[in-house]
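Proteins come first, then strands; the chains are lettered A, B, ... in the order of their sequence lines, and each starts at number 1. Predicted, not measured: the structure shown is a model, and the values here were computed from it.
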Amino acid sequence: MTLLFLSIFTLAEYPMNVIDGAVASLADAVKANMAEGDLRDLITDGAIAGVGGVIIFLPQILILFFFIGLLESTGYMARAAFIMDRLMSRVGLNGKSFIPLLSSYACAIPGIMATRTIEDPKDRLVTILIAPLMSCSARLPVYLLMIAALVPGEQVPLLTKVGIMLLMYALGTFGAFGFAWLFKRTLLKGEPPLMIMELPPYRLPGLKDVALQMLERGWLFLRRAGTVILGISIVLWFLAAYPKAPDGATAQQQLAQSFAGRAGHLLEPAIKPLGFDWQIGIGLISSFAAREVFVSTMGVVFNAEAEDDDTDAAPPGAARRQVAGRPRAFHAARLFHAHGLLRVRDAVREHRRDRPARDQQLEVAPLSNRVPDWHRVDSQLTGVPRRSRPRVLIPRFRESQRFSSS
Amino acid sequence: MTTELQTIAALVVVALAATWLVVRAVRQRRQPGCGGGCGCPTRELKR
């Protein structure tokens with residue numbers, strides 16, 4: 001994991017600077033070729049600053065999924081589940097909970113869906129409850145922004161940043177285990193069941209599969225940046241730009257008296273004890289729509305702030321640089337995101353879904369959702385026909401991929 | 001483009017974006033899901 005995070009910081013630095021520069025050049029080009037006005041501000045301070053502030057993290061997302069893909073395709077993940085069985089049993093769960101929890105590092109939704117392979121209802125419920133505490137990939141840009149805020153620039157060794165990233169992931173993981181331990185000893189008491197699983201042979205990673213998975217995740221990230229985040233950035237620009245302040249007001253004064261600023265000020269008394277100020281409050285409100293929007297909101301908010309110091313628009317990466325100097329607030333924001341409070345919404349959504357729709361979705365789940373066929377293994381070992389056991393749906397092309405790769 | 005025209009165009013873009021977000025939210029409420037980005041299948045794939 002240390003190597004993974006180290007490579008996220010080192011390998012991604014150059015492409016991130018390239019993207020940062022390209023986005024800043026695009027904003028400058030729009031500024032140079034358009035007359036001053038609201039539309040120009042919307043494009044540069046809203047759309048480009050918001051989306052640019054998020055897509056800058058694309059190289060790091062790609063690197064993360066490249067290494068996760070490598071681990072999966074070598075057959076290491078199944079062994080990790082087996083090794084984790086002992087640790088999981090200490091908190092009252094078994095190794096079967098490991099795969100859903102591991103899936104939750106990519107996204108909690110497939111993680112929660114994968115819990116259906118756990119037979120014991122109490123274990124299943126505990127796993128569902130703790131899955132949102134794992135640090136999903138959408139939180140990676142938020143964490144990186146926070147690290148940039150806490151330990152800015154070159155003053156701090158790279159390993160310290162890597163260590164902070166590890167701590168953030170560890171905070172979510174150990175928090176989840178702590179809650180599992182608590183649930184299994186209070187509300188959902190029960191003995192941890194035995195674990196039987198099939199271990200695939202070790203094999204050389206299929207680089208094509210890894211590359212496909214990496215590109216798929218990258219495309220999903222970009223699509224999200226180009227749709228939801230773009231839409232929210234545009235609306236957020238409006239909320240930060242209207243109502244207009246009197247002529248001569250600074251950008252900071254404009255932001256303070258805008259709709260977004262008023263909402264932030266309204267929320268400030270509730271979040272002040274956490275160390276948040278009203279600007280972070282704006283980010284927190286918007287991040288309920290999507291976690292990454294926190295980053296783009298900071299891009300829009302701090303872009304407005306930057307105009308106080310410089311008449312030129314700050315580049316989209318400015319959010320990363322300008323949030324420095326607010327370590328206490330960001331420490332609190334880190335806890336807010338690391339503990340996945342936002343994911344409660346996802347768990348509720350998943351529960352609301354009607355069963356046939358969920359089943360249908362799992363049947364066509366893409367390759368990244370790795371759900372092992374526990375019940376088939378069980379039925380082969382015990383001789384009990386599969387039909388009499390709870391129905392388990394396996395992704396169709398997972399099956400075909402499994403046979404073709406072995 | 002004059003300042004007034006830019007203001008009108010910007011407000012139209014904001015209105016379109018807000019409408020799209022609202023429609024998307026309503027559609028998602030009817031057919032819940034993660035909203036993409038989590039590896040769940042698209043509507044095309046479901047078909």
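- Atom CZ of A:F238 sits about 6.0 Å away from atom CG of B:L11, to the nearest 0.5 Å.
- The two atoms that bring B:A17 and A:G231 nearest to each other are CB-O, 4.0 Å, heavy atoms only.
- Applying the side chain to side chain donor-acceptor pair (under 3.5 Å) criterion to B:T7, with sequence neighbours excluded, gives A:D38.
- Counting heavy atoms from C-beta outward, B:R24 and A:T227 have side chains that stay 4.5 Å or more apart.
- Summarising the geometry, atom CG belonging to A:L42 is positioned 9.5 Å from atom CD belonging to B:Q6; distances are rounded to the nearest 0.5 Å.
- To the nearest 0.5 Å, the span separating CD1 on A:I234 from CG on B:L21 amounts to 8.5 Å.
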